[in-house]
Structures are given as structure tokens and as C-alpha cells.
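Notes follow the structure.
Counting convention: from 1, in listed order, for ligands and their atoms alike.
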Amino acid sequence: MSDVDLRAEQYENCREAGDILAQVRDEAAERVEVGTNYLELTEWVEERIDELGGNSAFPLNISVDHEAAHGAAGIDDDRTIGEEMVKLDIGVHIDGWLADTAITVDFTGNDDLLAAAEDALDAAVDTVEAGVHTGEIGAAIESAIDGYGYNPVVNLTGHGLGHWDQHVSPNIPNREVSQGTELDVGDVVAIEPFATDGTGKVSEGSREEIYALEREGTVRNRAARQALDQITEEFRTLPFATRWLDGSRPEMALRRLQRQDIVHGYPVLKEEDGRLVSQKEHTVIVTGDGCEVTTR
Ligand code: MN
Ligand code: MN
């Protein structure tokens with residue numbers, strides 16, 4: 001296969017992942033109600049992605065109210081959605097080519113906060129074309145959110161999407177910055193504004209339900225070795241849930257891998273003032289005169 005064919009195939013896979021993901025996101029959002037069970041929603045999303053011919057690129061993130069990201073269902077999780085601001089962040093891949101999207105479903109009555117994230121994403125997507133500086137995208141996000149009297153979450157960013165790699169450069173800031181870089185034709189990037197009525201900074205909580213491989217390594221314990229084999233073959237460096245591991249004691253296997261720094265966790269990220277956070281995210285392919293949104 002020539003380089004050109006390979007590249008064409010890459011974009012076809014990105015587009016297919018985006019199509020599947022857009023459908024699953026919209027269907028999942030319809031299923032979110034007060035009382036919806038985290039685990040049931042998560043399993044439904046995973047099965048639906050599978051049915052449509054995709055693969056989960058990371059566990060469904062369900063983050064509510066002041067949680068901005070990395071909330072997810074654990075094993076035997078019996079939590080349900082309350083009268084909250086609910087962010088669903090979902091990823092699909094086809095042969096490691098990724099699409100990443102997020103939507104907010106609100107039961108708190110803060111329509112403006114929801115609109116701020118939505119408008120910020122629209123404004124950001126409008127700026128994207130080959131040669132645009134990432135700081136300019138951030139400025140569009142910041143200005144749209146500021147127009148509502150809210151703040152962007154400044155220590156969360158959008159990101160490039162690589163092959164089997166969910167976070168590659170460049171970062172797409174959620175505010176105006178002078179450092180940064182220019183986007184090129186063919187870049188695949190996820191843009192994800194977060195809006196809040198707090199100061200706009202998140203920090204790590206204690207709960208962790210999402211993990212990823214940190215480095216290669218060897219472990220003596222049999223269960224940990226089996227888990228590591230599964231991780232390196234099935235998920236590679238993509239994030240995964242404890243629930244996805246085979247074996248009878250996945251939590252113990254995971255703890256061993258974490259202790260040896262072979263696997264790292266993603267703690268839930270919370271707005272520092274405990275204020276509400278909204279989010280919206282799309283994946284785009286940069287073109288000469290604009291961009292193609294794969295997750296619309
Ligand atoms: Mn995402
Ligand atoms: Mn993302």
C-alpha cells in the first residue's frame with residue numbers, strides 16, 4: 001500500500017469512528033434521566049458501539065456537577081443520575097483511529113451554562129483551518145464563554161488524536177494563549193470547551209475508575225501478568241476500565257500493576273470551587289480552508 005492509500009484509509013477509519021460515535025452519543029443522551037443507573041448506561045453504550053461495528057476507545061465518562069471529567073462506572077457500581085449537570089464523554093476507534101465527543105445533559109436548570117459550552121465549541125470549530133494558531137482557537141472559546149459571564153476551565157484542553165493514542169500534541173487550549181502551534185492539513189484534533197460558574201480550575205479527586213498503560217514491564221504475579229497481556233494486546237495505550245479485564249480478581253491485578261507504575265489511573269477531575277461544569281466536544285479533521293467535523 002502506498003503512503004497515499006494508507007492516509008486515505010486512516011481518514012476513512014476516523015470518519016467511520018466519528019459516524020458511529022455521533023449516533024451512540026445522541027442515543028445515549030436520550031437515555032439519560034434522573035434515576036438512570038451508571039452501569040446500565042455504560043453497558044448500553046458499549047454494546048451499541050459494538051453493534052454498530054466500532055470499538056470503545058475509552059470507558060464512558062459520566063461526570064456530574066462539579067466533576068469535569070474521568071467519572072466512570074466501576075464494578076458493581078449502583079450509582080444513579082440525580083438532578084445534576086451530566087457530562088457524557090465517549091470515544092470510538094476503528095483499527096486504532098479515533099473519534100472523541102462529549103455532550104452535557106442538564107437537570108439543574110442552568111441552560112446558559114450549557115449554551116456557553118455549546119457556543120464555545122461552535123466558535124472554536126469556525127476558526128479551524130490549516131495555519132490557524134491554537135491560541136486563536138482558545139481565544140474563541142474564552143470569548144464565547146465570557147459572553148455568558150462564565151469562565152472556561154483553563155487547565156483542561158483539547159488535544160490531537162494519534163493512532164492508538166488518545167492524547168497527542170497539539171493541545172487545544174480553552175483560553176487565549178501566546179504559546180502554542182499552528183494546525184496543519186490532515187491533523188485530527190478533539191476540541192472540548194468546559195464552562196463553569198466557578199474560577200475555572202480542576203484538581204484531582206480520589207476516585208479512579210479509568211486506567212491506562214504507563215510503560216512496558218514484567219510482573220511475577222500470574223493474575224497481574226494476564227491482565228497486563230490483555231491490556232497490551234487489546235487496549236494498548238488506550239484507557240480502559242477495571243470492568244473490561246478478564247480474570248477473577250481484576251482489581252487486585254490492577255493494584256499490583258499500579259504499584260509498579262506499569263499502569264496509571266485517571267482520578268476524577270473536579271472544579272476546585274465545587275461549582276457546576278458543562279462540556280461539549282467534537283473531533284475534527286483539519287482541511288485547507290476549514291475542517292470536517294467527524295462527530296456531528
Ligand atoms: Mn472526550
Ligand atoms: Mn478529548
Side-chain angles (χ1 to χ4, degrees), residues 14 17-29 32 41-42 45-46 48-49 54-64 67-73 85-94 96-105 114 117-118 120-122 124-125 128 134 137-138 141 152-175 183 187-196 202 209-212 235 237-241 265-271 277-286 291 293-296:
C14 283
D19 282 346
I20 293 168
L21 181 53
Q23 187 177 340
V24 173
R25 176 200 59 220
D26 292 346
E27 291 176 3
V32 177
L41 178 66
T42 302
V45 162
E46 290 169 2
R48 192 72 181 122
I49 289 171
N55 305 283
S56 288
F58 51 82
L60 171 66
N61 285 215
I62 306 173
S63 309
V64 301
E67 298 170 350
H70 301 164
M85 183 164 277
V86 184
K87 279 79 64 186
L88 301 182
D89 197 326
I90 320 178
V92 165
H93 78 85
I94 304 282
W97 300 105
L98 298 150
D100 185 359
T101 194
I103 194 167
T104 300
V105 181
L114 204 69
E118 288 174 359
L121 182 58
D122 288 343
V125 167
V128 175
T134 52
I137 306 173
I141 290 171
V153 173
V154 295
N155 57 343
L156 287 174
T157 67
H159 49 92
L161 290 165
H163 194 211
W164 291 103
D165 199 344
Q166 201 219 335
H167 277 104
V168 301
S169 64
N171 283 336
I172 313 293
N174 284 324
R175 61 166 167 165
L183 297 185
D187 283 351
V188 181
V189 295
I191 303 175
E192 49 184 313
F194 294 80
T196 179
V202 293
E209 297 293 355
I210 302 173
Y211 301 88
F235 318 131
T237 55
L238 292 175
F240 61 89
Y266 292 90
V268 173
L269 298 174
K270 301 177 174 184
E271 208 283 325
V277 178
S278 63
Q279 176 201 17
K280 198 167 181 203
E281 178 177 25
H282 274 311
T283 297
V284 308
I285 302 172
V286 180
C291 68
V293 180
T294 67
T295 49
R296 196 160 262 161

Is the backbone N or O of [Y] less than 3.5 Å from a side-chain atom of [X], with the two atoms forming a donor-acceptor pair by type?
{"X": "Asn55", "Y": "His93", "value": "yes"}
{"X": "Thr104", "Y": "Lys87", "value": "no"}
{"X": "Thr237", "Y": "Trp164", "value": "yes"}

Give a yes or no on whether His167 keeps an N, O or S atom under 2.8 Å from the Mn ion (ligand 2).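 Of the N, O and S atoms in His167, none lies under 2.8 Å from the Mn ion (ligand 2), which means no.
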
Measure from the Mn ion (ligand 2) to each N, O or S atom of Asp89 and report whether any distance is below 2.8 Å.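 Within the cut-off used here (under 2.8 Å), Asp89 places no N, O or S atom near the Mn ion (ligand 2).
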
Where the Mn ion (ligand 1) is the centre, what is the OE1-to-OD1 angle for Glu281 and Asp100, rounded to 10°?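 Nearest ten degrees: 90°.
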
Enclosure of Arg25 CZ (heavy-atom neighbours >12, cutoff 6.0 Å): yes

Could you check whether the rings of His159 and His167 sit parallel, tilted or perpendicular, using 30° and 60° as the cut-offs? tilted

Atom name of the N, O or S atom of Glu192 nearest to the Mn ion (ligand 2) is OE2

Output the atom name for the N/O/S atom of His159 with the smallest distance to the Mn ion (ligand 2). NE2

